[in-house]
2 protein chains.
Amino acid sequence: MSVEDRKMKVLQAIVDDYVTTNEPVGSKSLIERHNFPVSSATLRNDMAELERMGLIEKPHTSAGRIPSDRGYREYVDSLMTVDQLSEAEREDISRRIDTTIFEARDLLKNASAALSETTGLVSLVMTPRLAGSSLLQLKILMIEPGKALVLMVLSAGVVKDKVVRIPNFLTPEQLKEISDSVEKSLNGKPLDEITLVTLATSVKETRIPDSLLNQVLYETYTAIKQADKLDVFLEGEHNMLKLPDFSELKRAQSLLGTLSHDGMVAGYVNEIEKEKTGGDDTYMIRIGQEIALEGLEDCSFITTTYKIGDTISGNIGVIGPKRMDYSKVISQIDFVRYKINEQIKNING
Amino acid sequence: MSVEDRKMKVLQAIVDDYVTTNEPVGSKSLIERHNFPVSSATLRNDMAELERMGLIEKPHTSAGRIPSDRGYREYVDSLMTVDQLSEAEREDISRRIDTTIFEARDLLKNASAALSETTGLVSLVMTPRLAGSSLLQLKILMIEPGKALVLMVLSAGVVKDKVVRIPNFLTPEQLKEISDSVEKSLNGKPLDEITLVTLATSVKETRIPDSLLNQVLYETYTAIKQADKLDVFLEGEHNMLKLPDFSELKRAQSLLGTLSHDGMVAGYVNEIEKEKTGGDDTYMIRIGQEIALEGLEDCSFITTTYKIGDTISGNIGVIGPKRMDYSKVISQIDFVRYKINEQIKNING
DNA sequence: TTTGGCACTCGAAGTACTCGAGTGCTAATA
DNA sequence: TATTAGCACTCGAGTACTTCGAGTGCCAAA
C-alpha cells in the first residue's frame with residue numbers, strides 16, 4: 001500500500017470513526033480500532049499531512065482530528081461505498097409506507113414521514129415541478145353564485161384545483177362557455193407557456209361581456225399559475241435535537257428557525273437541483289459551508305429525484321448533520337425513492 | 001383591603017412577576033416592585049399561607065415562590081384582566097394576515113403563521129369540523145380511464161375533493177349517471193349520516209352492472225368520509241427553543257417530539273373542546289398537568305372557536321409555557337380569530 | 001395582625017487543581 | 001526515505017472547594 005493510499009485510508013477511517021463516536025479521532029484510537037500495519041507515530045505524520053491538505057482539522061491543540069468540509073467531500077466523492085440495505089431494513093421502510101394512498105400529495109407526505117423515521121433525520125420531500133407539464137383538462141365549475149372551482153388535469157394524471165371568486169351574476173351557462181373555450185385552446189399546452197394573453201385570445205369568440213370575462217380569466221390564470229407552486233414536506237425536525245451535534249441550544253435554535261421556513265428550504269433545494277449535472281438517479285450532496293442557509297453550516301443535504309411519468313419529477317432527500325452516515329442514508333433515500341416511483345406507477349395504472 | 005384580598009393580590013403579583021422575569025419571586029422583590037402597604041414579613045406570612053393553599057410553591061428552600069398549576073388556574077379564572085390590544089398591535093397582526101387568500105385552508109394556515117409570529121409561541125389552528133355539515137353538491141368527474149375526481153361542496157361553500165380509482169372501462173356517461181343519482185339522493189344530507197347503505201340505495205335505479213357500481217360507490221364513500229378529516233396547523237415550534245423554560249435539552253426534545261405528532265395534538269384539542277361548556281367565544285385553557293400529553297407538563301393550551309357560517313366551526317389557539325402572559329395571548333388570539341371570521345365572511349359574500 | 005430581627009439554607013458562580021488523551025518534534029532505525 | 005520510540009507540552013473536562021446573597025421561617029414585641 002502506497003503512502004498516498006494509506007493517507008486516504010486514514011481519512012476514511014477518521015470519517016468513519018468520527019461519524020459513529022462524535023469524538024475527535026486521535027492517532028492512538030485509530031490504531032486500536034482499525035488494523036493499520038504501522039505505528040501511531042506514522043499515522044500522526046499522515047494526519048499532519050492531511051491537515052496541511054485541508055481535509056481534516058483540530059478543534060483545539062490537544063484533541064484529535066475531525067474531518068473538514070473538504071474532508072467530507074473527498075470521502076463522499078471518492079472513498080465511501082454505498083451498500084445495499086439489508087432485507088430487514090427494507091422491510092422496515094416498506095412497512096412504514098402506506099400503499100393504500102392514491103393521491104400523489106398524500107403519498108409524498110407519507111413517504112417523507114417514513115424517510116425521517118428510518119433515518120432519524122429531517123426528511124425533505126418536494127412536490128413535483130409541474131411548470132413544464134401540460135394542461136390536459138381544464139374545467140371551471142360553478143359552486144355557488146360568485147364562487148367557482150378551477151379544476152386542472154395535468155400530464156401524468158396530476159390533478160390540481162383552486163376555488164376562485166367570479167362575478168356574482170355570471171350564470172352556469174356562461175361559465176361553461178368560458179370554460180369550454182379556454183380548455184379547447186389551452187389543451188396540451190405546457191403550464192409555463194400559458195399567459196393572460198393566451199387566455200384572453202382563447203375566449204375571443206364568446207359573447208360574454210368583457211367586464212365579466214376579465215375577472216374569470218384573471219382568476220383562472222392565477223389558478224393555473226398556482227398549480228405549479230412547489231410545496232415541501234419537512235418531517236422530523238425534532239430528530240435534530242437528539243443529535244449531540246445540536247446539543248448547544250443556540251445551534252438548535254438557529255437550525256430549527258431556518259427549517260421552519262419551508263419556502264426557503266424548498267427554494268434552495270430547487271436551486272441546487274438545477275445545477276445538477278448527472279442523471280436523475282444521481283445524488284446532490286451539499287456539505288456544511290457549501291449550504292447557503294443560515295444555521296445549516298453544520299448540516300448536509302442529500303437529495304435526489306423521483307419521477308411521475310416520463311417528464312415530471314420532484315425531489316426527495318434528507319437534511320442531517322455533516323457528521324452522518326452518508327452511505328447508509330443514501331441507500332435509505334434510494335429505497336424510499338424506489339417505493340415512491342413504484343407506487344406512482346401503480347396509481348397511474 | 002382585607003387579608004384575603006391581599007393574599008390574592010400577592011398571588012397575582014407573583015404570577016405577573018414570574019411571568020416576566022422567569023425567576024422565583026421573593027417577598028423582598030415583591031415589595032420593591034409593587035407597592036404593598038405592608039412589610040416583607042407580612043408578605044412572607046401571606047406567601048406561607050398561599051403555599052399551604054397549594055397555589056404557589058418553592059423550587060427549593062432558599063428560593064422565592066413560583067405559581068403552582070392551581071395558582072395559575074386561580075389567576076386565569078379570577079385574577080387576570082384581559083385588555084384590548086393597542087392599535088399598533090392590531091396593526092401588526094393585520095399586516096401579517098394576507099387578505100387576498102380565497103381558500104379556507106390557505107387562510108387558516110396563514111392565520112396560524114401570523115398567530116405564532118405575534119405571540120412568539122406555537123400556534124394551533126384546526127380545520128373546521130365538517131362532520132355535521134351537509135353535502136350540497138357531489139360530482140364524480142372522469143379524469144382519465146380508471147381515475148376520477150369526487151368533488152363535494154358542503155355547507156357554507158366549503159369545497160373538498162379526492163382523486164379515486166374507478167374501473168378502467170367505466171364510461172364517462174356511466175359515471176355521470178352514477179354521480180347524478182348519488183348527488184340527487186344525498187343532497188342536503190349531513191356528512192355523518194351518510195353510509196355505504198345510503199349510497200347503495202341511491203343508485204338502485206341505474207342500469208349499471210353492480211360489479212362496476214360497487215367500486216365507485218366504495219371510493220365515493222371513502223372520499224366523503226375523508227372530507228371531514230381534521231387537519232391541524234402547528235406553527236412556530238422553534239419558538240419554544242427560545243424560551244428559558246425549555247433551555248433544558250431534554251424538555252425541549254420531549255416537547256417537540258410530541259408536537260411533531262400533529263394528529264395527537266389535534267385529537268387532544270378536539271377532545272377538550274367537546275367538554276367545553278361556555279359559548280363559542282369563550283376560551284378553553286389547560287394548564288400544566290391538566291394536559292394529558294407527554295412533554296407538555298410545563299405548557300398551557302389556550303384555544304377558542306372560529307366560525308364558518310352558522311354551523312361550521314374550528315379551533316384556533318396557542319401552546320406556550322405555563323409561564324406565559326395569558327392576558328396578552330388571549331387578546332392576540334381573539335384578534336386573529338376576529339380577522340379569520342371577518343375574512344371568511346368576506347369570502348362567502 | 002403586623003413588624004423588625006436573626007439564624008439558617010442552598011443554588012449559582014468563581015477558583016484552583018488534577019487527569020489524560022492527544023500532539024509535534026527529535027533522533028535512532030530499517 | 002519512511003518509520004518508529006520517546007518525550008515534553010497542551011488544554012479541555014471533570015472535580016472539589018469556597019464565597020456570596022437572595023430568600024426563608026420563626027419569635028417576640030408593637
Side-chain angles (χ1 to χ4, degrees), chain A residues 1-11 13-15 17-18 20-68 71 244-245 247-248, chain B residues 1-11 13-15 17-18 20-53 55-68 71 244-245 247-249:
Chain A
M1 181 165 60
S2 84
V3 179
E4 277 314 299
D5 283 357
R6 191 187 58 218
K7 265 194 324 223
M8 286 303 124
K9 284 257 186 246
V10 171
L11 175 57
I14 290 175
V15 174
D17 280 14
Y18 184 60
T20 51
T21 65
N22 190 32
E23 310 249 295
V25 187
S27 51
K28 230 169 187 166
S29 61
L30 216 42
I31 290 281
E32 275 167 27
R33 231 183 306 236
H34 309 262
N35 28 12
F36 285 101
V38 291
S39 76
S40 68
T42 309
L43 291 195
R44 275 205 291 285
N45 291 335
D46 291 349
M47 286 160 85
E49 180 66 16
L50 285 169
E51 188 171 357
R52 232 165 290 131
M53 295 164 69
L55 297 174
I56 59 179
E57 50 197 29
K58 287 196 280 250
H60 54 264
T61 327
S62 71
R65 305 301 216 295
I66 61 174
S68 68
D245 311 69
S247 60
E248 270 168 79
Chain B
M1 182 164 58
S2 83
V3 178
E4 275 315 301
D5 284 356
R6 192 187 57 220
K7 264 195 324 224
M8 285 304 126
K9 283 256 186 249
V10 171
L11 174 58
I14 289 174
V15 175
D17 280 14
Y18 184 61
T20 52
T21 65
N22 190 33
E23 311 250 295
V25 186
S27 52
K28 228 169 187 169
S29 61
L30 216 44
I31 290 281
E32 275 166 29
R33 233 184 305 239
H34 309 259
N35 29 14
F36 284 102
V38 291
S39 77
S40 67
T42 310
L43 291 196
R44 275 205 290 285
N45 291 335
D46 291 349
M47 285 160 85
E49 181 64 19
L50 284 170
E51 189 171 355
R52 229 165 292 133
M53 295 163 71
L55 297 174
I56 58 179
E57 50 199 29
K58 285 196 283 249
H60 54 263
T61 327
S62 71
R65 304 302 215 295
I66 61 174
S68 67
D245 311 68
S247 59
E248 270 169 80
L249 208 54

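Here the structure is a predicted model, which is why all the values come from computation and not from measurement. Within every chain, numbering begins at 1; the chains are lettered A, B, ... in the order of the sequence lines, protein sequences first and strands thereafter.
Positionally, the nearest nucleotide of DNA chain C for Thr42(B) lies more toward the 5' end than for the other of Thr42(B) and Asn45(A). Closest-nucleotide positions on DNA chain C for Ser29(A) and Ala41(A) were compared, and the one nearer the 5' end corresponds to Ser29(A).
Residue Arg6(A) has no polar side-chain atom (N or O) positioned under 4.0 Å from OP1 or OP2 of dA2(D). Contact annotation: Thr61(B) side-chain N/O to dT24(D) OP1/OP2 distance is not under 4.0 Å. Residue Arg44(B) has no polar side-chain atom (N or O) positioned under 4.0 Å from OP1 or OP2 of dG5(C). Between Ser27(A) and dT23(C), a side-chain N or O to OP1/OP2 separation shorter than 4.0 Å is present.
Spacing between atom CZ of Arg65(B) and atom C1' of dT9(C) amounts to 13 Å, rounded to whole angstrom units. Remark: C1' of dG22(C) and CD1 of Ile66(A) are 14 Å apart, rounded to the nearest angstrom. For the pair Met47(A) CE and dA2(D) P, the computed distance is 19 Å after rounding to whole Å. One can place CD of Glu49(B) at 15 Å from P of dT24(D), the figure rounded to the nearest angstrom. Rounded to whole Å, the distance from NZ on Lys7(B) to P on dT2(C) is 11 Å. When rounded to the nearest whole Å, the span between CZ of Arg52(B) and P of dT24(D) equals 14 Å. Taking atom CD1 of residue Ile56(B) and atom C1' of nucleotide dG25(D), one finds them 14 Å apart after rounding to whole Å. Atom P of nucleotide dG20(C) and atom CD of Glu32(A) are separated by 15 Å, given to the nearest angstrom.
The side chain of Lys58(B) sits closest to dT24(D) out of dT24(D), dT10(D), dT9(C). Counting only heavy atoms from C-beta on, Ser62(B) has its side chain closest to dT9(C) among dT24(D), dC11(D), dT9(C). Side-chain atoms of Val3(B) lie closest to dT2(C) of the nucleotides dC10(C), dA2(D), dT2(C).
As judged by a 4.0 angstrom heavy-atom cut-off over every strand, Ala63(B) is placed among residues touching the sugar-phosphate backbone only. Within 4.0 Å of Ser40(A), counting heavy atoms only, lies no atom of the nucleic acid at all.
Proximity of a side-chain donor or acceptor of Thr21(B) to a complementary backbone N or O of Asp17(B) within less than 3.5 Å is detected. A donor-acceptor pair under 3.5 Å is formed between the side chain of Ser68(A) and the backbone N or O of Gly54(A).
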Criterion side chain to side chain contact (heavy atoms under 4.5 Å, CB included) on Glu49(A) and Val3(A), from CA distance to verdict: CA-CA 11 Å; Glu49(A) 180 66 16; Val3(A) 179; over 6 Å; no
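Annotation for Lys9(A): atom NZ does not count as buried by contact number, only 12 or fewer foreign heavy atoms lying within 6.0 Å.
Between Ile14(A) and Met47(A), the closest side-chain pair of non-hydrogen atoms falls below 4.5 Å.
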